[in-house]
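The structure appears right after this line, and notes come after that.
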Amino acid sequence: MAAELTAHELIAAHRPTLDQALEAIRTRAYWSPHPEHPKAYGENGSLDMAAGKAAFDALLGSRLDLGQPGTDDWVGGEVSPYGIELGVEYPHADLDVLLPAMKAGQKTWRDAGAEIRAVVCLEILKRISDRTHQFAHAVMHTSGQAFMMAFQAGGPHAQDRGLEAVAYAYVEQVRTPDTAEWTKPQGKRDPLALTKRFTPVPRGIGLVIGCNTFPTWNGYPGLFASLATGNAVLVKPHPRAVLPLALTVQVARSVLAEAGFDPNLVALAAERPGEGIAKTLATRPEIRIIDYTGSTEFGDWLEANARQAQVYTEKAGVNSVFVESAGDYKGMLANLAFSLSLYSGQMCTTPQNLLIPRDGIRTDEGPKTYDEVVADLARAVDGLLGDDARANALLGAIVNPDVKARVEAAAGLGEVALASREVTNPEFPGAVVRTPVLVKLDGAKPDDEAAYMSECFGPVSFAVAVDSAPAGVELLRRTIREKGAMTVGAYTTDEEVEQAVQEVCLEEAAQLSLNLVGGVYVNQTAAFSDFHGSGGNPAANSALCDGAFVANRFRVVEVRREA
């Protein structure tokens, strides 16, 4: 097919951005090419706030025809956590038709080389960025995130994670030169001489199994890592969060076609209600890579049963914050209150267990008992969310009935230090909005252990009383080792305690945030600098993003001949 976007144009447009991304992952300094502020959009072809909202509204009740082969039905049924029926229909695929069509374009995509694949991926990301406002509404109304969070996390932050994956993929592919002249001396005889060519070859079709809460942020790393390393990618969204990833597939297919490649290199696999096609797809012989974010149960199933594929999982963990002492008590409380409240705790990085010595802690305001710390934290959360407008902007909406049920059941697990309350959203009366619940538990009581050693996804946290600082450190270690953790936080002014916590996190491979009291929170990570997960504890077998996340998506094949 004739290319409307030439290789020269793509390299000229995007090579500088790729080079900046390569420098960013080398230095780990702050960098992002995607603006975080809504008012930054509206020029150079990008949609402003009003145009983005109008573009989203135009999708409601429509059929999103992606033009992909093998469509045998139309499916949908998404209902926004804010109470709106989206009414969008998506193609349902006959896999026996779609998967062979996806494989057909891989040879040309493979032969294009690492640089061309990278700049095509950057063009896809650029066009997604231009539609950030539309994507923000799509993320908001499938995940339940408040608009500003959906805009930032579902837009620029997700795009950053996609670009980061492309940069890592490029680095790993060009680590080996394209060609080499090999000469081995043979003494008095003529030397042995070979010409060698090295080609990164894709594994096959990558499958991205999307999640409900962060469809783009969690979906883009695997999608772009696989695509940039030469693989076709089949996107299987969560049935309640199809729209953001369907739009992504739409953009990707358009760019691939314009660049002269087969648009079927990226396709969507939407499912009928209750169909549950993930297991079927995951064990198809054509699927050679799987990226999954979701429950531990299904993640474990994938790792055990999708034996033909390289499987990357982000599952569930029990995130802990150890509070031993505080040099800025008010700052600590404010930081923790925000971390517990953001998106109603529906983040894989939200703290669940607050480990606090039962004899209390030292602070810059004098000693505080365990009860005082818990009560002060409850007041901090209450103060943060006391105004309903502010509460709605931070909490968003409860994503599904299971989270709501966990919030309601938490009160029966122990003494309630902070009760959850219902918040009305005047713009969306159908939204289910709940403030966090904080429950006191005793780390020495076996009956309480069942609660705090299980993941309780949502706005539920436990203030766990521990016998001493060493006991808190050991409970932290056991929690990470047995249950996993995406994040760990600690507050201490004691150098020995700090070293002990660091050692636990190094030995158990958990990402640690120490003494955060400002505008950075334990449940937030920045692309190009922070690693999301480590791949070294039960919460995830991979990290976003490191070399290991991309390097096994392709192999290097050598062809050698006599010089």
Side-chain angles (χ1 to χ4, degrees), residues 3 5-28 102-123 163-206 224-233 256 259-262 265 285-286 288-289 307-312 528 535 542-543 545-563:
L5 293 168
T6 67
H8 175 76
E9 289 170 337
L10 288 166
I11 291 170
H14 299 299
R15 183 70 213 208
T17 303
L18 177 61
D19 288 338
Q20 286 180 285
L22 296 173
E23 179 66 7
I25 63 175
R26 186 188 71 81
T27 64
R28 317 306 295 181
M102 295 184 71
K103 290 183 70 174
Q106 281 198 153
K107 179 183 183 299
T108 304
W109 186 237
R110 176 201 72 201
D111 294 345
E115 183 180 43
I116 294 299
R117 288 194 294 270
V119 294
V120 170
C121 286
L122 264 62
E123 176 67 20
L163 175 54
E164 177 186 50
V166 173
Y168 270 97
Y170 179 80
V171 166
E172 294 300 326
Q173 290 174 96
V174 301
R175 189 181 300 281
T176 302
D178 292 338
T179 60
E181 300 298 327
W182 183 87
T183 304
K184 181 179 180 180
Q186 295 292 298
K188 295 181 179 179
R189 292 175 291 168
D190 289 340
L192 301 175
L194 296 176
T195 295
K196 305 182 181 186
R197 175 168 289 278
F198 305 96
T199 304
V201 299
R203 280 186 171 271
I205 298 176
F224 285 100
S226 286
L227 193 60
T229 49
N231 304 276
V233 182
L256 286 164
F261 297 101
D262 191 335
L265 286 165
E286 302 95 331
R288 303 303 303 277
I289 303 165
R307 305 303 293 273
Q308 86 291 352
Q310 180 70 31
V311 179
Y312 299 91
F528 309 108
S542 57
C545 183
D546 60 8
F549 185 70
V550 298
N552 216 5
R553 296 173 190 263
F554 69 96
R555 308 310 298 168
V556 176
V557 174
E558 174 185 357
V559 176
R560 57 185 184 170
R561 55 173 53 91
E562 296 281 352

Self-check item: Candidate pair Val233 and Phe224, rule side chain to side chain contact (heavy atoms under 4.5 Å, CB included), full reasoning
Solution: CA-CA 9 Å; Val233 182; Phe224 285 100; over 6 Å; no
Heavy-atom donor-acceptor pair, [X] side chain to [Y] backbone, under 3.5 Å:
X: Asn231; Y: Ile205; result: no
X: Arg203; Y: Asn552; result: yes
X: Trp109; Y: Leu227; result: yes
X: Arg560; Y: Lys196; result: no
X: Arg288; Y: Gln310; result: no
X: Arg15; Y: Ala12; result: no

Quiz item: For Val559 and Thr199, what are the C-alpha separation, side-chain angles and deciding distance, and is it a side chain to side chain contact (heavy atoms under 4.5 Å, CB included)?
Solution: CA-CA 8 Å; Val559 176; Thr199 304; over 6 Å; no
Quiz prompt | Lys/Arg-Asp/Glu bridge criterion (N-O < 4.0 Å) met for Arg553, Glu172 | solution =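 Result for this pair is no, no salt bridge flagged.
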Output the distance between atom [atom1] ([X]) and atom [atom2] ([Y]), rounded to the nearest 0.5 Å.
X: Leu10; Y: Glu123; atom1: CG; atom2: CD; answer: 6.0 Å
X: Tyr170; Y: Cys121; atom1: OH; atom2: SG; answer: 13.0 Å
X: Glu558; Y: Thr176; atom1: CD; atom2: OG1; answer: 10.0 Å
X: Gln20; Y: His14; atom1: CD; atom2: NE2; answer: 13.0 Å

Can you confirm whether [X] sits close enough to [Y] that some side-chain heavy atom of one is under 4.5 Å from a side-chain heavy atom of the other?
X: Thr27; Y: Phe528; value: no
X: Thr195; Y: Glu181; value: yes
X: Ile116; Y: Ile11; value: yes
X: Trp182; Y: Leu192; value: yes
X: Glu286; Y: Met102; value: no
X: Asp262; Y: Thr108; value: no

How close do [X] and [Y] get, heavy atom to heavy atom, and via which atoms?
X: Val550; Y: Thr229; result: O-CG2, 4.2 Å
X: Gln106; Y: Gly204; result: OE1-O, 2.7 Å
X: Pro191; Y: Gln186; result: CA-CG, 4.1 Å
X: Phe549; Y: Ser542; result: CD1-CB, 4.0 Å
X: Glu164; Y: Cys545; result: OE1-CB, 3.3 Å
X: Ala167; Y: Leu22; result: O-CD2, 3.6 Å

Quiz item: Is the number of heavy atoms from other residues, nucleotides or ligands under 6.0 Å of Glu562 CD greater than 12?
Solution: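 Result for CD/Glu562: open.
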